[in-house]
2 protein chains.
Amino acid sequence: MAKHDPDLSLLFHALADPTRRSILTRLAETPARVTDLAGPTGLRLPTVMRHLSVLEQAGLIATSKDGRIRTCAIVPEALDPVRTWLDEQRAIWEARLDRLDAFVMNVMKESVE
Amino acid sequence: MAKHDPDLSLLFHALADPTRRSILTRLAETPARVTDLAGPTGLRLPTVMRHLSVLEQAGLIATSKDGRIRTCAIVPEALDPVRTWLDEQRAIWEARLDRLDAFVMNVMKESVE
DNA sequence: ATCATGCTTAGCCATGTCGCTAACTATCGC
DNA sequence: GCGATAGTTAGCGACATGGCTAAGCATGAT
């Protein structure tokens with residue numbers, strides 16, 4: 001039943017935060033240091049560190065330390081499970097669309113009230 | 001900068017919970033009553049209600065009440081923003097892949113330690 | 001009218017999340 | 001070595017989340 005899917009939960013949770021998404025978008029341009037990432041967010045370093053470790057645990061970014069500088073970069077294939085799940089769901093959902101159509105129409109009318 | 005994107009945050013957060021994902025998968029088969037949804041989860045009704053309202057606020061399901069029975073159904077197009085965001089990210093990420101490749105390789109070697 | 005059913009509300013508890021400050025460690029430049 | 005820089009750790013406070021029970025309300029069946 002795919003009850004236990006820690007990967008997806010970690011990924012979705014990591015993506016649920018606007019700050020983390022903006023960090024990802026920022027990292028998509030080019031790898032960056034922790035301080036560089038903190039700048040645009042307006043958040044303190046420890047806070048950003050936390051976000052980064054959430055992203056790293058979800059596998060969305062990889063980091064490496066060179067001297068006293070930690071560099072962060074995205075891990076592009078990390079989004080694959082999300083994409084896969086989405087595709088699966090869409091497949092199922094659309095397969096049942098005909099059956100749902102009438103029902104949804106009803107709901108639409110009712111939910112105006 | 002797309003800083004404020006409550007939609008995406010709500011969606012991702014709703015999807016971050018295994019129980020909620022299993023409810024969605026269950027609803028993909030056919031609309032169902034609250035009690036029907038509670039059954040497989042092993043959770044109490046109020047708990048399931050909470051999950052349902054999270055899903056509903058995220059726009060992932062729609063519900064309607066007929067007599068004392070509330071029926072829930074998926075809203076297929078609700079996943080579109082997620083899909084769109086994913087597509088955008090993939091586009092950006094892949095565009096920079098060449099630049100990242102070498103870096104990621106380095107990280108891989110280092111992160112063994 | 002009465003009772004069972006189905007949902008809802010209120011409220012409790014444990015835990016998790018997200019922000020912070022303060023203090024610490026580790027490098028780099030001089 | 002000394003001070004500045006980059007990151008890290010520890011711990012706090014406010015609030016959100018996810019589970020529960022208990023009690024309430026509305027509807028359907030008898």
Side-chain angles (χ1 to χ4, degrees), chain A residues 3-6 8-24 26-27 30-58 60-73 107 110-111 113, chain B residues 3-6 8-24 26-27 30-58 60-73 107 110-111 113:
Chain A
K3 257 271 169 71
H4 299 299
D5 207 335
L8 275 180
S9 295
L10 279 180
L11 281 169
F12 279 129
H13 172 248
L15 296 174
D17 186 290
T19 300
R20 287 194 287 267
R21 287 199 304 277
S22 78
I23 287 179
L24 281 182
R26 164 67 187 76
L27 281 180
T30 174
R33 301 178 311 158
V34 176
T35 310
D36 294 338
L37 294 173
T41 67
L43 298 174
R44 302 292 182 177
L45 266 186
T47 306
V48 174
M49 288 283 301
R50 282 275 208 77
H51 284 303
L52 290 178
S53 80
V54 169
L55 289 170
E56 191 167 20
Q57 281 194 14
L60 285 163
I61 69 173
T63 77
S64 75
K65 201 163 177 182
D66 178 21
R68 61 183 161 171
I69 291 177
R70 158 146 279 137
T71 308
C72 311
V107 171
E110 290 185 33
S111 65
E113 160 259 328
Chain B
K3 258 271 167 74
H4 299 299
D5 206 335
L8 274 180
S9 295
L10 279 181
L11 281 169
F12 279 129
H13 172 249
L15 296 174
D17 186 289
T19 300
R20 288 193 287 266
R21 288 199 304 277
S22 78
I23 288 178
L24 282 182
R26 163 67 187 76
L27 281 180
T30 175
R33 300 178 310 158
V34 176
T35 309
D36 293 339
L37 294 173
T41 66
L43 298 174
R44 302 293 182 179
L45 267 185
T47 307
V48 173
M49 288 283 301
R50 280 273 214 73
H51 284 303
L52 290 178
S53 80
V54 170
L55 289 170
E56 191 167 19
Q57 281 195 13
L60 285 162
I61 68 173
T63 76
S64 74
K65 201 163 177 181
D66 179 20
R68 61 184 160 169
I69 291 179
R70 157 146 281 137
T71 309
C72 311
V107 172
E110 291 185 32
S111 65
E113 158 263 326

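Being a predicted model, the structure only gives us computed values, none of them experimental. The sequence lines fix the lettering, A, B, ..., with proteins before strands; numbering per chain opens at 1.
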Ignoring the backbone of H13(A), work out which of dT21(C), dT17(C), dG7(D) is nearest its side chain. dT17(C)

Closest nucleotide among dA10(C), dA6(D), dT5(C) to the R68(A) side chain: dA6(D)

Could you tell me whether the phosphate oxygens of dT21(D), OP1 or OP2, come under 4.0 Å of any side-chain nitrogen or oxygen in R44(B)? yes

D17(B) has an atom CG; how far is it from atom P of dG18(D), in whole Å? 5 Å

Output for pair (T71(A) OG1, I61(A) CD1), nearest 0.5 Å, gives 11.0 Å

Separation of I69(B) atom CD1 from dT27(D) atom P, in whole Å? 12 Å

Have a look at R33(A) and say if it touches a base, only the backbone sugar-phosphate, or nothing, with a 4.0 Å heavy-atom cut-off. sugar-phosphate

Between dT25(C) (C1') and L45(A) (CG): distance, integer Å: 14 Å

Interatomic distance, SG@C72(A) vs CG@L52(A), rounded to 0.5 Å, equals 5.0 Å

For a quick test of reading the model: is some side-chain N or O of H51(A) closer than 4.0 Å to OP1 or OP2 of dG19(C)? yes

Would you say T47(A) places a side-chain N or O within less than 4.0 Å of OP1 or OP2 belonging to dC18(C)? no

Any sub-3.5 Å donor-acceptor pair from R20(B)'s side-chain atoms to H13(B)'s backbone N or O? yes

Let me know the distance between CG of L55(B) and C1' of dG18(D), rounded to the nearest Å. 14 Å

Min side-chain heavy-atom separation T63(A)-V34(A) under 4.5 Å: no

In whole angstrom, give the distance that lies between atom CG of L43(A) and atom C1' of dG7(D). 16 Å

Nearest to the side chain of R50(A), heavy atoms from C-beta on, is which of dT5(C), dC18(C), dG7(D)? dC18(C)

So do the side chains of L43(A) and H51(A) get within less than 4.5 Å of each other, counting heavy atoms only? yes

Closest-nucleotide mapping onto DNA chain D: is G67(B) or M49(A) further toward the 5' terminus? I mean the 5' end. M49(A)

For L52(A) and dT9(D), what is the distance between atoms CG and P respectively, to the nearest whole Å? 13 Å

Of the candidate nucleotides dG18(D), dA10(C), dC18(C), which contains the atom at the shortest distance from the side chain of P46(B)? dA10(C)

For D36(B) and dG6(C), what is the distance between atoms CG and C1' respectively, to the nearest whole Å? 11 Å

Rounded off to whole Å, could you give me the CD-to-P distance for the Q57(A) and dG16(C) pair? 13 Å

